[in-house]
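Input: a single structure, listed below in structure tokens.
Remember, predicted model here, so these are calculated numbers, not experimental data. Note on naming: letters A, B, ... go to the chains in the order of the sequence lines (proteins, then strands), and numbering restarts at 1 for each one.
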Amino acid sequence: MSRISHKFNSLKAAGKKALIPFVTAGDPNPLITVKLMHKLVAAGADLLELGVPFSDPMADGPVIQRASERALEHNVTMHNVLDMVREFRQNDNDTPIILMGYLNPVEVMGYQAFSQQASEAGIDGAIIVDLPPQEAHDLLIELKNNDIDPIFLLAPTSTEKRIEMITSAASGFVYYVSLKGVTGAATLDIDAVKEKISHIRSKTDLPIGVGFGISDDEMAGKMSGISDAVIVGSALVRKIEENADNEQALMAEAETLIGGMRKAMDNA
Amino acid sequence: MQISDTQLTGLPDEMGHFGPYGGVFVAETLMKPLEDLADAYQECLNDEQFLAELDADLANYVGRPSPIYHAKRLSDELGGAQIYLKREDLNHTGAHKINNTIGQALVAKRMGKKRIIAETGAGQHGVATATVAARLGLECIVYMGAVDVARQEANVYRMKLLGAEVRAVSSGSKTLKDALNEAMRDWVTNVDDTFYIIGTVAGPHPYPAMVRDFQTVIGREARAQMLETTGKLPDHLVACVGGGSNAIGLFYPFINDDSVKIVGVEAAGDGLKTGHHAAPLCAGRPGVLHGNRTYLMESDDGQIIETHSISAGLDYPGVGPEHAWLKDSGRAEYVAVNDDEALEAFYKLTRTEGIIPALESSHAIAQAVKMAPAMSKDETILINLSGRGDKDMHTVASRDGIEI
């Protein structure tokens, strides 16, 4: 069983929901990332989502775009990202890590080389934002050969046919994008999200995570009530940006935010 | 690859593929809107009323057909092939761009969309979009890189005059590719009421096919005009390639004419060896950007790199997927012309024929200037003169040390 499935099973047995923070690898600099990952786990994260910086992050809002730009100023490459994961794994062999990025840096490396090296580094899942399942055939084979869960997005606009296609191509969990928009957008309609999630649940046994627009404890708590996992990106990355020059404050703010969400979810 | 074994027309396939290129590489939220667009566009193609409305607009609003013109003095001076120009510079708004925006705006109207968005580099596509939006009474927002906003003031003002809102994009390299990213982000946020008019034959399916179809009016007219004027097909077609919409518009109706050689001209900027250029077909490699697989300018790590060309309209790190396929299949040849050569051709056409070409089109002229002397006098080269040079007065004057 994959690290991701194992994690979801044990959370379920404990009656808990997964908290999945997102950070961009190398933001604000490459030396902080591994320390920050450990800090997030200590503060209550169950899985980690690690962004691979890209020059043209089409699906991201301004906060995560700037995170990519900060990382790219340090020339952070896919190989650097995998090195960070290797380093993290020296002290944490339990927390699943999901790589999130765009296709081109994967394509340049080659699907087979990427999948082998990512797996060897300790990656458990991959979200390639701009790779829908109908274009993913070749990469899916390599990911499966290397025990990496392909995690796909579902959106408010996903049709019946696409929900079926995506849930049958995915493993680990599926990621429901809670709104029409980019990461970090403002307004969430919880009833609409609830309705769509219960519909998706009737189509698949995979855990369902919710992300995009979850910015505070209250929203994290509410979302955990209707899903299996809460993904928080822009709210955390904003804290990193605000404290980019002060590592101590950055770590403290990240810990406070994730710790608060953990508590809100456990009490929801 | 043998041309005869390779399918080159009737593409893309149902998934939007031209061989290994094209496709749909977008986040899930946009999949349904793209499917809806593909369906709506297909319905338009089968609807005689739509086609009649499009033809009427092209005739009465754009001013089609555009003539072909025998550039006799230029041909004589070069002493070889006869050079003909397809005069897209004479269209309303001054370039081929409006052939596409007229068509997409009609699709938008039929889909009941009230809000139009577009990306623009030099501002030509932005102006052509703002123009059709004004005519149809639709709200229009144009995304433009902050660097381009600063260097294309006149076009920014034209768009505003036409009632469009111009939003400067300050992310990434602050140029065309970033404007396209931002337009995609707008679209994903406002999918219900918004129609995204892409200006070139790139982007996710169905855009490369739809934009090509609207631009092929260039090649259909030119093919008939050449047969009528010269009694035969041209020996060579030459067109500049940024995203590649004017080029595919000219090339496509000639693809099955095996005697016609096809040459696309990319921007070599400061020279291909310097790395400061915008020539993905000549010096890039395949990758995925802006919703399709195609040749790209990228780093070893797969980051998209900044491009350079004197011509803002060619300053783009990707290229339409159909050009990528025409290159691999061998049916078309792609070459690159640098800033200095393009500028020289700009002056040459201006002074031999009294036609001031856009800097983009000057790249095609420069290539024909290279080819013509080695050809015989009864051979012909048809150049797509995709736009007029009025918008480039600033750029050329400042190279000459003049402030205007």
Proximal component of B:Ile304, with respect to chain A [non-hydrogen, under 4.5 Å]: both
Is any residue of residues 148-157 of chain A within less than 4.5 Å of chain B by heavy atoms, and which ones? A:Leu153, A:Leu154, A:Ala155, A:Thr157
Side chain, backbone, both or neither: which part of B:Leu296 has an atom under 4.5 Å from a heavy atom of chain A? side chain
For B:Gly19, does its backbone N or O pair with a side-chain atom of B:His17 as donor and acceptor, under 3.5 Å? no
Ranking B:Val288, B:Ile305, B:Asp301 by heavy-atom pairs under 4.5 Å to chain A gives rank one to B:Val288
Heavy-atom cut-off 4.5 Å, strictly under: side chain, backbone, both or neither for A:Asp60 against chain B? backbone
Angle class for the B:His308/B:His276 ring planes (parallel below 30°, perpendicular above 60°, tilted otherwise)? perpendicular
Which one, B:Asp192, B:Leu30, B:Asn190, leads in non-hydrogen pairs under 4.5 Å with chain A? B:Asp192
Residue from A:Val108, A:Thr159, A:Asn104 scoring the most non-hydrogen pairs under 4.5 Å with chain B is A:Asn104
Check: B:Tyr207/B:His290 side-chain N/O donor and acceptor closer than 3.5 Å: no
Kindly indicate whether a cation-pi arrangement holds for A:Lys196 with A:Tyr176, taking the cut-offs as under 6.0 Å to the six-membered ring centre and within 45° of the axis. no
Chain A heavy atoms under 4.5 Å from B:Asp300: which part of the residue, side chain, backbone, both or neither? backbone
For the backbone of B:Gly284 and the side chain of B:Glu298, can you confirm whether one donor and one acceptor N or O come within less than 3.5 Å of each other? no
Are there residues of residues 174-188 of chain B that reach to under 4.5 Å of chain A by heavy atoms, and which ones? B:Lys177, B:Asp178, B:Asn181, B:Glu182, B:Met184, B:Arg185, B:Val188
Looking only at the side chains, is there a donor atom on one of B:Ser171 and A:Glu69 sitting less than 3.5 Å from an acceptor on the other? no
Quick check: closest heavy atoms across A:Ser68 and A:Phe54, and the distance to 0.1 Å? OG-N, 3.1 Å
Against chain B, label A:Val177 side chain, backbone, both or neither, depending on which of its atoms sit under 4.5 Å from a heavy atom there. side chain
Just checking, is any N or O donor in the side chain of B:Gln104 or B:Tyr196 under 3.5 Å from an acceptor N or O on the other one? no
Heavy-atom distance under 4.5 Å to chain B: side chain of A:Pro57, backbone, both or neither? both
Looking at every heavy atom in both B:His277 and B:Ala283, which two are closest together, and how far apart are they? CE1-CB, 3.6 Å
Can you name the nearest heavy-atom pair linking B:Ile198 to B:Asn100, along with the distance? O-ND2, 3.0 Å
Quick one about B:Asp328 and B:Tyr21 (side-chain donor to acceptor, distance below 3.5 Å, no hydrogens or angles considered), yes or no? yes
Grab the two heavy atoms, one from A:Ser178 and one from A:Leu188, that are nearest each other, plus how far apart they are. OG-CD2, 3.0 Å
At their closest point, which heavy atom of B:Gly244 faces which heavy atom of B:Thr200, and how far apart are they? N-OG1, 3.4 Å
Where on A:Met58 is there a heavy atom nearer than 4.5 Å to chain B: the side chain, the backbone, both, or neither? both
Which one of A:Glu242, A:Arg66, A:Arg70 satisfies the side chain to side chain contact (heavy atoms under 4.5 Å, CB included) criterion with A:Val237? A:Arg70
Are the side chain of B:Thr120 and the backbone of B:Gly126 linked by a donor-acceptor contact shorter than 3.5 Å? yes
Contacting moiety of A:Ile128, where chain B heavy atoms sit under 4.5 Å: neither
Atom group of A:Glu107 that falls short of 4.5 Å from chain B, counting heavy atoms: side chain
